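When a residue number appears, it is its place in the shown sequence, counting from 1. Bear in mind the structure is a predicted one, so any value in this text is a computation, not a measurement.
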Amino acid sequence: MSGPNAPAVQDNAVVDLPTGSPVGSSPVADELADRFHAAGHRLYLVGGSVRDALLGRLSGDLDFTTDARPPQILALLKGWAEAIWDTGIAFGTVGASKHGQTVEITTFRADSYDGVSRNPEVTFGDSIEGDLVRRDFTANAMAYDLVARRLIDPTGGRRALRERVLDTPATPQESFSDDPLRMLRAARFASQLGFTVAPRVREAMAAMAGELGRITAERVQVELSKLLTGAHPRAGVELMVDAKLADVVLPELPAMKLEIDEHHQHKDVYTHSLTVLDQAIDLEEGPEPDLVLRLAALLHDIGKPATRRFEEGGGVSFHHHEVVGAKMVRKRLRALKYSKDVTEDVAQLVYLHLRFHGYGGGEWTDSAVRRYVTDAEHLLPRLHKLVRADCTTRNRRKANALQRTYDDLERRIERIAAEEDLKRVRPDLDGNEIMRLLGLPPGPLVGRAWKFLKELRLDRGPLDHDEAVAELLAWARAEGVEPPAE
């Protein structure tokens, strides 16, 4: 990202760590530096922590590297840290917390990789320069000597920050062969930082994209989620698609680039989906990005390629693409090891995103409005945002009409919700009363009776008790169930 809105690289942000940077507002860095120095070890702030300090966006989590080996790190942290964890100690990393800050300290690394599974053969190094040149990008290959108060930048990281460019310390081919996930990290950093990638990096990504196939789904999912929740997700997605990474990790995305001919015109589904993503982000509320909404916005038309039909007269249809799309979303997100909650929420939003278009001129019955709310459940606020974001027409009259119609639907939802408890639509009789009235033990028949009463509640709104009992008894007799005599 460049121009007047790009954050300036703060040349003194690291040099003035004790007093002039976010790190300097906490005693953690100085206390650690003094502790390691007294024991005869070197300690450096490193990687993303240095990069973010130079960009003026340092977080509370700090990354350090040292010549001390893991057992020595543990000994130095003991008695100082409020909590210590060693889950990454096999890779030379020890974590700790102090004064509300989280730190990770890693021994200098000189890893090599087997080139098949990307399993590192952990080898500890002896120099900060050797550690830095093995890192993913030059912008992340800087360290700050906390004792000598000097920046160590052997690969031109500060220049990369000024130019907003992602490049690799070694050749991109070497870097990506070591860890193919770095290609996806490039797209993630494009989203988070607004950086572009160097031409040689882009070329290597396109040539080596297939190597992502040897990365575990869990690691891919983490990077994809960070990309989508970044400040510029569209840039990250476009890089992922243009560099062929999406062909491997999310092939349904480039598949939305449908060919359009002059006789069968329709929206470019891929570009439309990126616009919906942008517009959904504009509607987000609160300080945190909404991963579920962003996934749903990006994938809401995922079913269109599979359902496209050319009609006589030049028309194009995508009948039931929301149904097909919901199934495709479930399959892909499960393959990427997303949680069940995220997977089901995104799939349900994709399934429901067209429902509003049956509203027409507002002729839905109150029953239809209740079903819309009930089917959306906790997703209703997100569904509102997704439906509004899905309007990308350049015809302002049409766009304004759609927004007014949805305004009307929201007002109707508010009115009915004020009269009824729409968030908790339940049958007017609970399961215990159904069993008592019908003389039934727990079982499938009770469930069917409960479902009948819920459907009745959705159609007609709340019923008084006597009316609900009468409807239940009539249903039971029609089902061949004879209620016990009173």
Side-chain angles (χ1 to χ4, degrees), residues 303 319-327 329-330 340-341 343-384 386-387 405-486:
H319 295 310
H320 306 302
H321 77 266
E322 75 282 11
V323 178
V324 173
K327 293 178 180 177
V329 162
R330 283 192 181 91
K340 181 179 179 181
D341 287 345
T343 299
E344 290 304 313
D345 283 354
V346 176
Q348 185 69 352
L349 285 170
V350 171
Y351 178 71
L352 292 174
H353 83 275
L354 279 187
R355 182 79 63 85
F356 157 71
H357 293 283
Y359 189 70
E363 58 270 10
W364 272 7
T365 62
D366 284 356
S367 171
V369 175
R370 288 189 200 100
R371 290 178 185 279
Y372 188 77
V373 173
T374 302
D375 289 348
E377 294 183 313
H378 65 284
L379 295 171
L380 185 63
R382 287 185 175 119
L383 184 59
H384 288 332
L386 178 59
V387 171
T405 303
Y406 204 84
D407 289 343
D408 179 66
L409 174 57
E410 288 202 65
R411 282 192 295 268
R412 286 190 65 188
I413 290 171
E414 291 175 5
R415 175 182 62 77
I416 296 172
E419 298 169 358
E420 310 169 19
D421 189 358
L422 285 183
K423 291 183 179 179
R424 297 181 59 192
V425 173
R426 296 288 186 274
D428 296 283
L429 307 175
D430 65 19
N432 290 328
E433 193 164 11
I434 290 171
M435 288 188 288
R436 182 183 65 79
L437 289 168
L438 300 185
L440 294 174
L445 195 56
V446 176
R448 286 169 51 199
W450 189 93
K451 185 176 181 180
F452 163 75
L453 289 173
K454 182 177 179 180
E455 291 294 316
L456 199 63
R457 169 75 169 75
L458 287 169
D459 283 338
R460 291 163 50 179
L463 306 178
D464 62 41
H465 184 267
D466 289 345
E467 189 177 6
V469 170
E471 292 288 352
L472 173 66
L473 296 178
W475 173 86
R477 292 189 180 97
E479 293 290 318
V481 178
E482 189 60 40
E486 292 292 336

Mind checking whether L383 and L349 have side chains closer than 4.5 Å, heavy atoms only?
yes

Quick one: closest heavy-atom pair of L438 and A449, and the distance?
CD1-CB, 4.4 Å

For Y372, does the OH atom sit with more than 12 other heavy atoms under 6.0 Å from it, leaving out its own atoms?
yes

Report yes if some heavy atom in the side chain of V387 is under 4.5 Å from a heavy atom in the side chain of R355; otherwise report no.
no

Answer whether the closest heavy-atom distance between the side chains of D366 and R412 falls below 4.5 Å.
yes

Flag side-chain contact, heavy atom, 4.5 Å: R371 against E455
yes

Output the distance between atom CG (L472) and atom CZ (R477), rounded to the nearest 0.5 Å.
9.5 Å

Please check this pair: side chain of H353 against backbone of V350, looking for a donor-acceptor N/O pair closer than 3.5 Å.
yes

Hey, is NE2 on H320 packed in by over 12 heavy atoms from elsewhere, all under 6.0 Å?
no

Closest heavy-atom pair and its distance - A347, A326:
O-CB, 3.5 Å

If you round to the nearest 0.5 Å, how far is CG of L445 from CE of M435?
11.5 Å

Do T405 and F356 have side chains that get closer than 4.5 Å, going by heavy atoms?
yes

Side-chain touch E377/Q348, heavy atoms, less than 4.5 angstrom
no

What is the minimum heavy-atom distance between L473 and L437, and which atoms define it?
CD2-O, 4.3 Å

Whether W364 side chain and G358 backbone form a donor-acceptor pair below 3.5 Å
yes

Parallel, tilted or perpendicular for W475 and F452, by the 30°/60° rule?
parallel

Taking the side chain as C-beta and beyond, is there a heavy-atom pair between L453 and I434 under 4.5 Å?
yes

Which pair of heavy atoms, one from D430 and one from E433, lies closest together, and at what distance?
OD1-N, 2.9 Å

